[in-house]
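In what follows, a structure is listed as structure tokens, so that the remarks can point back to it.
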Amino acid sequence: MLRTAADFDARREGRGMRFGALALAASLMLPGTAGGADVPATLAGVRKQVESADYRMSGRLVLVNASGARKSSEVTIRARWFPGILRVLVEVTSPAQARVHVLLEMRPGGKSTIEIAHPGDKAATVVPFEKWNEGPLGDGFSYEDFIDSSYFWAGQTSLGVTKYGARNCDLIRSTPEGADRTQYSQVKSWLDQSSDFPVYVEKTEKASGAVKEFTYFGLRHTEGVWSATQVEAKIRGQAGSTLLIIDHGSANAHLGLKDFSSTQLTEF
């Protein structure tokens with residue numbers, strides 16, 4: 001059986017600063033589609049990408065502090081869209097004291113869940129919704145950032161076509177409505193027009209008003225799939241950042257339900 005929110009608090013208090021840094025997973029590898037300039041066409045493209053996810057990747061999570069010092073952890077990420085649900089399993093594999101597994105299940109319509117497990121746990125712990133805006137290592141990445149569901153929220157507004165660097169982008173503002181469960185008040189996405197892939201994203205937190213900035217580097221197209229080789233997360237106005245650097249991966253991993261089972265979650 002899954003443990004309760006109180007169990008989560010007790011585990012987090014003892015292990016919080018030992019968690020490895022986590023990063024965005026849901027949009028790191030996306031099957032390529034051509035996007036349009038209007039909101040329905042653009043969203044159709046990016047949603048199709050999420051709904052086609054079937055990838056496995058490995059790399060490093062790097063926490064960069066205000067002085068520039070770096071702390072690195074090794075990580076593997078697997079993701080697969082099943083009918084009506086995106087499952088993402090993130091495994092921080094080293095150093096030993098940072099090991100943690102996080103299973104995220106994103107269901108459009110506000111029924112997403114997050115579970116977490118540590119070495120020695122016999123069952124996973126549900127991360128309570130009110131703690132989705134917390135992170136395993138600082139504020140750069142939160143649990144919710146793993147299930148980037150903003151493209152499925154009810155509120156979607158086109159802010160026109162703009163440039164991000166050399167890329168022509170459709171700028172979309174996503175806002176939660178009704179059953180959409182999130183700790184963010186809005187998300188702005190700069191979507192590359194040639195791929196529908198995000199090159200830059202800003203997320204505004206409801207409680208604090210802080211803006212989190214995610215920049216995607218090294219976009220490439222292999223095996224019919226768009227991917228980023230690196231993602232940087234920063235909190236506006238604060239020094240330091242968190243990097244996800246991808247070293248290896250498979251864009252068509254042929255994953256199944258067994259790859260996201262409770263056994264996988266608690267097996268270290």
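Along the sequence shown, residues are numbered consecutively beginning with 1. Keep in mind that the numbers below use all heavy atoms, side chains included, and drop hydrogens, waters and symmetry copies. Just so it is clear, the model here is predicted, and its values are computed rather than measured.
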Taking all heavy atoms of [X] and all of [Y], pick out the closest pair and write down the distance.
{"X": "Asp196", "Y": "Val46", "result": "O-CG2, 3.8 Å"}
{"X": "Thr76", "Y": "Ser58", "result": "CG2-CB, 3.9 Å"}
{"X": "Tyr151", "Y": "Pro198", "result": "OH-CB, 3.7 Å"}
{"X": "Ala124", "Y": "Thr266", "result": "N-CG2, 4.1 Å"}
{"X": "Ala228", "Y": "Ile246", "result": "O-CG1, 3.9 Å"}
{"X": "Val92", "Y": "Ala98", "result": "CG1-O, 3.6 Å"}

Listed partners of [X] passing side chain to side chain contact (heavy atoms under 4.5 Å, CB included), at least two apart:
{"X": "Thr157", "value": "Leu159, Arg173"}
{"X": "Lys206", "value": "Pro176, Thr182, Ser185"}
{"X": "Ala166", "value": "none"}
{"X": "Glu74", "value": "Thr93, Ser94"}

Residues that [X] engages under side-chain hydrogen bond (donor to acceptor under 3.5 Å, both in side chains), provided they are two or more places apart:
{"X": "Ser67", "result": "Asn65"}
{"X": "Ser208", "result": "Glu205"}
{"X": "Gln156", "result": "Ser174"}

Going by salt bridge (charged side-chain N to carboxylate O under 4.0 Å, His left out), name the residues that satisfy it together with [X], two or more places apart in sequence or in a different chain.
{"X": "Asp259", "answer": "none"}
{"X": "Arg80", "answer": "none"}
{"X": "Glu202", "answer": "Arg236"}

Quiz item: What's the spacing between Met57 CE and Leu244 CG if we round to 0.5 Å?
Solution: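 The CE atom of Met57 sits 7.5 Å away from the CG atom of Leu244.
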Rounded distance [0.5 Å steps], CG in Leu89 versus CG in Leu265
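Rounded to the nearest 0.5 Å, the CG-CG separation comes to 6.5 Å.
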- Does NZ belonging to Lys163 count more than 12 external heavy atoms closer than 6.0 Å?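 Correct, the count exceeds 12.
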For this session: Flag yes if more than 12 heavy atoms outside Lys234 fall under 6.0 Å of its NZ atom; otherwise flag no.
Result: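 Atom NZ in Lys234 is packed in, count exceeds 12.
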inquiry  = Tell me whether the rings of Phe268 and His101 are parallel (<30°), tilted (30 to 60°) or perpendicular (>60°).
reply    =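 It falls in the parallel class, under 30°.
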Do [X] and [Y] have side chains that get closer than 4.5 Å, going by heavy atoms?
{"X": "Val102", "Y": "Glu91", "result": "no"}
{"X": "Val50", "Y": "Leu86", "result": "yes"}
{"X": "Phe217", "Y": "Val231", "result": "no"}
{"X": "Phe260", "Y": "Leu255", "result": "yes"}
{"X": "Cys169", "Y": "Leu191", "result": "no"}
{"X": "Thr242", "Y": "Val64", "result": "no"}
{"X": "Thr113", "Y": "Leu103", "result": "no"}
{"X": "Met106", "Y": "Trp81", "result": "yes"}

inquiry  = Quick one, Leu243 with Leu61, criterion side chain to side chain contact (heavy atoms under 4.5 Å, CB included). Give me CA distance, side-chain angles, the key distance, then yes/no.
reply    = CA-CA 6 Å; Leu243 305 173; Leu61 290 156; over 6 Å; no
Hey, are [Y] and [X] close enough side-chain-wise for a donor-acceptor pair under 3.5 Å?
{"X": "Asp192", "Y": "Tyr216", "answer": "no"}
{"X": "Glu232", "Y": "Thr215", "answer": "no"}
{"X": "Asp170", "Y": "Gln193", "answer": "yes"}
{"X": "Gln264", "Y": "Arg78", "answer": "yes"}

| request: For Phe129, check ring-ring contact (aromatic ring centres under 6.0 Å, His included) against everything at least two apart and list the hits. | output: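 Phe129: ring-ring contact (aromatic ring centres under 6.0 Å, His included) contacts with Trp132.
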Q. Can you list the residues that meet the ring-ring contact (aromatic ring centres under 6.0 Å, His included) rule with Tyr200, with sequence neighbours excluded?
A.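 Counting only residues at least two positions away or on another chain, Tyr200 forms a ring-ring contact (aromatic ring centres under 6.0 Å, His included) with Tyr164, Trp190.
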Donor-acceptor contact present, side-chain [X] to main-chain [Y], <3.5 Å:
{"X": "Glu115", "Y": "Glu105", "result": "no"}
{"X": "Asp180", "Y": "Ala154", "result": "yes"}
{"X": "Ser261", "Y": "Leu257", "result": "no"}

Quiz prompt | Evaluation steps, side chain to side chain contact (heavy atoms under 4.5 Å, CB included), between Val88 and Ile77 | solution = CA-CA 7 Å; Val88 180; Ile77 301 172; 4.0 Å; yes
**Study point:** NZ/NE/NH1/NH2 to OD/OE distance under 4.0 Å, Lys203 and Asp145
**Key:**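 Yes, Lys203 and Asp145 are salt-bridged.
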(request) Test side chain to side chain contact (heavy atoms under 4.5 Å, CB included) on Glu144 and Tyr184 and set out the steps. (result) CA-CA 9 Å; Glu144 183 179 352; Tyr184 292 112; 3.7 Å; yes
Would you kindly confirm whether Val187 and Val211 end up in one hydrophobic cluster when ILVMFWY residues are joined by side chain heavy atoms under 4.5 Å apart?
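No, Val187 and Val211 fall in different hydrophobic clusters.
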*With side chain to side chain donor-acceptor pair (under 3.5 Å) as the test, would you mind laying out the steps for Thr175 and Gln186 before giving the verdict?*
CA-CA 5 Å; Thr175 53; Gln186 70 170 18; over 6 Å; no
